Number of protein chains: 2
Amino acid sequence: MISSRFAVAVHILSLLDINKEGRNTSEYIAGSVNTNPVVIRRTMSLLNKAGLIHSSPGVAGATLARPTNEITLLDVYRAVQAGVQDELFSIHDNPNPQCVVGKNIQSTLEQNFAKAQNAMEQELAGITLKQVTSDLLHEETSS
Amino acid sequence: MISSRFAVAVHILSLLDINKEGRNTSEYIAGSVNTNPVVIRRTMSLLNKAGLIHSSPGVAGATLARPTNEITLLDVYRAVQAGVQDELFSIHDNPNPQCVVGKNIQSTLEQNFAKAQNAMEQELAGITLKQVTSDLLHEETSS
DNA sequence: TATGCTGTAACAATTATAGTTACATAGAAA
DNA sequence: TTTCTATGTAACTATAATTGTTACAGCATA
């Protein structure tokens with residue numbers, strides 16, 4: 001299961017956009033996400049490293065580094081997954097090379113799993129932060 | 001990250017097809033996968049419950065319950081994921097309902113994540129066990 | 001200079017996974 | 001019928017990722 005870090009990251013970015021007049025400190029954002037400020041700072045650190053936001057020590061808050069229509073959910077996904085595991089599916093190690101199946105299963109699975117992962121990522125690539133925040137505000141007015 | 005149980009399950013099913021003349025005990029399969037027989041039996045238990053294979057106590061081995069072109073990777077995925085978490089993406093709990101973002105983020109994310117998960121699953125649905133075993137044998141002859 | 005915030009280390013608690021031993025029970029084979 | 005073998009499952013361990021938490025160094029600004 002994909003960590004809620006991803007969901008939290010989208011939450012943070014949405015807030016930075018919608019509340020762009022505010023200060024958006026990690027404590028304030030934590031109040032909206034309902035978690036500890038350090039969780040927010042950790043996630044923002046990843047978003048910063050990925051070039052999606054600007055933030056720096058000592059300076060309260062953060063700002064989006066790009067227009068909302070140039071930030072896709074795939075960008076966010078990769079930012080927060082970076083370094084963990086970039087393969088969505090895991091494949092067992094060291095199957096028996098003396099067995100036809102064992103010898104070839106890894107490469108076969110890699111290819112098929114890559115297709116599935118790619119389909120998922122392309123769907124994320126088609127959704128921008130702009131659409132997300134627009135959805136958020138729209139649900140608000142329609143409720 | 002999706003558990004290697006899925007990869008192991010595909011390995012097992014491939015072996016049942018390719019080695020359909022053999023006895024295919026959990027011990028034999030474990031030798032091909034390179035793991036403990038109990039890991040195989042646990043996974044086979046899930047495949048059995050999902051109706052993908054036939055196996056029973058006391059009787060050595062297992063057999064496919066359906067033709068290989070009627071078993072898709074999505075069937076296998078669902079069989080081994082059953083009960084764990086059927087949502088691919090997790091969403092943080094209890095965001096602040098007094099914040100526009102906090103109030104609506106969950107439903108917005110749910111919708112978008114469902115699209116991505118669906119794209120992935122449809123890709124898996126398009127791949128049959130028949131294709132997988134055909135790939136396996138094909139790689140064998142071409143290497 | 002005093003304050004407030006970020007960035008990050010360090011640790012705990014929780015959860016899923018993967019491997020392992022053990023054994024009850026069902027069927028096969030002698 | 002008795003013996004043997006294999007499945008199904010419980011129980012336990014080890015490992016890893018995640019999430020929350022406390023603590024604090026260092027920067028920026030009022």
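Bear in mind that the values here come from a model prediction, so they are computed numbers and not experimental data. Order of the sequence lines sets the chain letters (A, B, ...), proteins ahead of strands, with each chain counted from 1. These values consider heavy atoms only, across backbone and side chains, with no hydrogens, waters or symmetry-generated copies.
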Can you give me the bend angle of the helix from C:dT1-D:dA30 to C:dA30-D:dT1? Use the axis through the first five pairs and the one through the last five, nearest 10 degrees. 10°
Nearest to the side chain of [X] - [options]?
| X | options | value |
| --- | --- | --- |
| B:K49 | D:dG8, D:dT7, D:dT9 | D:dT9 |
| B:V38 | D:dA10, D:dA23, C:dG7 | D:dA10 |
| B:T25 | D:dA23, C:dG4, D:dT7 | D:dT7 |
| A:P57 | D:dA10, D:dC27, C:dC5 | D:dC27 |
| A:S55 | D:dG8, C:dG7, C:dG4 | C:dG7 |

Looking across every strand, which nucleic acid part, if any, lies under 4.0 Å from A:V59 by heavy atom: base, sugar-phosphate, or nothing? sugar-phosphate
Measure across [X] and [Y] and return the closest heavy-atom pair with its distance rounded to 0.1 Å.
| X | Y | result |
| --- | --- | --- |
| A:A62 | A:I53 | CB-CD1, 4.1 Å |
| B:A30 | B:N36 | CB-C, 3.9 Å |
| B:A60 | B:T25 | CB-CG2, 4.0 Å |

Ignoring backbone atoms, test whether A:S45 places a side-chain nitrogen or oxygen under 4.0 Å from the OP1 or OP2 oxygen of C:dT6. no
Is the phosphate of C:dG27 approached by B:S56 (side-chain N or O, under 4.0 Å from OP1 or OP2)? no
Determine whether B:Y77 and B:T72 satisfy the following criterion, side-chain contact (heavy atoms from CB on, under 4.5 Å), listing intermediate values before the conclusion. CA-CA 9 Å; B:Y77 176 74; B:T72 72; over 6 Å; no
note: B:N36, atom CG; D:dT13, atom C1'; distance rounded to Å ~ 13 Å
Between atom CZ in A:F89 and atom C1' in C:dT17, what is the gap in whole Å? 17 Å
Does atom CD (B:E70) have a neighbourhood of more than 12 heavy atoms from anything else shown, all under 6.0 Å? yes
Between protein and nucleic acid, restricted to nucleotides 1-3 of chain D and to nitrogen or oxygen atoms under 3.5 Å apart, what atom pairs and distances do you find?
none

Does a side-chain heavy-atom distance below 4.5 Å link [X] with [Y]?
| X | Y | answer |
| --- | --- | --- |
| A:V132 | A:V10 | yes |
| B:L16 | B:I29 | yes |
| A:I12 | A:V8 | yes |

Any N/O pairs under 3.5 Å between the protein and nucleotides 15-19 of chain D? List them or say none.
{"from": "D:dT18", "atom 1": "OP1", "to": "A:R5", "atom 2": "NH2", "distance (Å)": "3.3"}
{"from": "D:dT19", "atom 1": "OP1", "to": "A:S4", "atom 2": "N", "distance (Å)": "3.0"}
{"from": "D:dT19", "atom 1": "OP1", "to": "A:S4", "atom 2": "OG", "distance (Å)": "2.5"}
{"from": "D:dT19", "atom 1": "OP2", "to": "A:S3", "atom 2": "OG", "distance (Å)": "2.7"}

